Amino acid sequence: MRIDIITALPSLLESPLNDSIVKRAQTKGHVEINVHDLRDYSTDKHRNIDDYAFGGGAGMVMNIEPIARCIDKLQSERTYDEVIYMTPDGKTLNQQLANTLSIRKNLIILCGHYKGVDERVREKYITLEISIGDYVLSGGELAAAVLADAVIRLVPGVLNDETSALTDSFQDDLLAPPVYTRPAEFDGMKVPDVLISGNGKAIETWRMEKAMERTRNRRPDLWEKFNENQG
Ligand code: 6GU
């Protein structure tokens with residue numbers, strides 16, 4: 001998979017994409033991430049990428065020209081499955097959307113900033129608009145890092161048995177069960193006996209029960225979905 005991220009603030013994306021699983025995915029060649037500084041595609045000598053909104057009002061609007069030059073160049077080099085715009089009015093990201101995107105080959109992610117991008121960018125280029133939840137961030141960069149992380153860890157080959165996505169919360173509409181490690185007792189608090197029993201079948205049953213209990217208590221909305229899907 002190849003991801004091209006277009007941003008006016010490339011430094012914001014550096015550390016989230018260069019650590020842990022996302023970094024290993026790149027080192028192992030499962031994913032190639034290219035961050036493009038929108039100012040490099042600016043047409044003016046001050047490297048401006050935004051301007052006042054027609055009709056007035058507070059906040060700057062990102063110009064279409066630098067974005068168009070950047071996307072046109074990328075699309076002349078290869079075909080993209082989606083051109084994604086990160087925006088609070090997009091479709092809310094969930095595990096299902098992350099799964100869908102994880103089997104795509106080439107993605108462009110455009111990070112919005114200030115009051116957003118000129119509407120004509122969305123009309124001409126954008127095929128998918130994504131939000132990461134109902135709250136407002138200063139820009140799309142952190143949202144793009146969240147999206148990239150959620151998608152990349154699902155790319156076939158990125159996770160090993162140890163980090164398997166199969167037991168993640170949400171993967172089957174259930175939250176994950178509690179986990180424990182050594183010591184077996186801390187301050188009088190004991191690890192549940194079943195986990196030390198060596199009885200694989202009993203452990204599996206316990207984890208399923210706890211996952212269901214947790215989902216019922218914390219996320220009645222997910223619990224309903226889970227039960228619908230059990231047929
Ligand atoms: Cl994608 N962008 C911004 N600016 N704020 C957000 C968001 C995106 N998703 C949730 N809040």
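This is a predicted model, so every value here is computed, not measured. Read the numbers this way: they start at 1 and go in the same order the structure lists the ligands and their atoms.
A donor-acceptor pair under 3.5 Å links the side-chain atoms of Ser42 to the main chain of Asn48, judged by distance alone. Under the 3.5 Å distance criterion, the side-chain polar atoms of Asp81 are left unmatched by any main-chain donor or acceptor of Arg104. Checked by atom type and distance alone, the side chain of Asp4 never pairs as donor or acceptor with a backbone atom of Ile108 at under 3.5 Å.
With a heavy-atom cut-off of 4.0 Å, Ser131 touches ligand 1 through backbone and side chain alike. When heavy-atom distances to ligand 1 are checked against a 4.0 Å cut-off, Ile130 comes that close only through its backbone atoms N, CA, C and O.
Glu65 and Arg69 are not joined by a salt bridge, as no carboxylate oxygen comes within less than 4.0 angstrom of a charged side-chain nitrogen. Checked for salt-bridge contact, Asp89 and Arg122 meet the test: a charged N lies under 4.0 Å from a carboxylate O.
Considering only non-hydrogen protein atoms, atom 10 (C) of ligand 1 sits nearest to Gly133 O, 3.1 Å. The closest protein non-hydrogen atom to atom 2 (N) of ligand 1 is Pro88 CD, 3.6 Å. Of all protein heavy atoms, the one lying nearest to atom 1 (Cl) of ligand 1 is Thr87 N, 3.1 Å. Atom 11 (N) of ligand 1 has as its closest protein heavy atom Tyr135 O, 2.6 Å. Nearest protein heavy-atom contact of atom 4 (N) of ligand 1 is Leu137 O, 3.1 Å.
Near Ala143, with a cut-off below 4.0 Å to any heavy atom, the atoms of ligand 1 are 1 (Cl), 8 (C). Below 4.0 Å from some heavy atom of Ile132 lie the following atoms of ligand 1, by number and element: 9 (N), 10 (C).
Side-chain atoms of Thr127 and Glu82 include a donor-acceptor pair closer than 3.5 Å.
Ring geometry, Tyr180 versus Trp206: the interplanar angle falls from 30° to 60°, so the pair is classed tilted.
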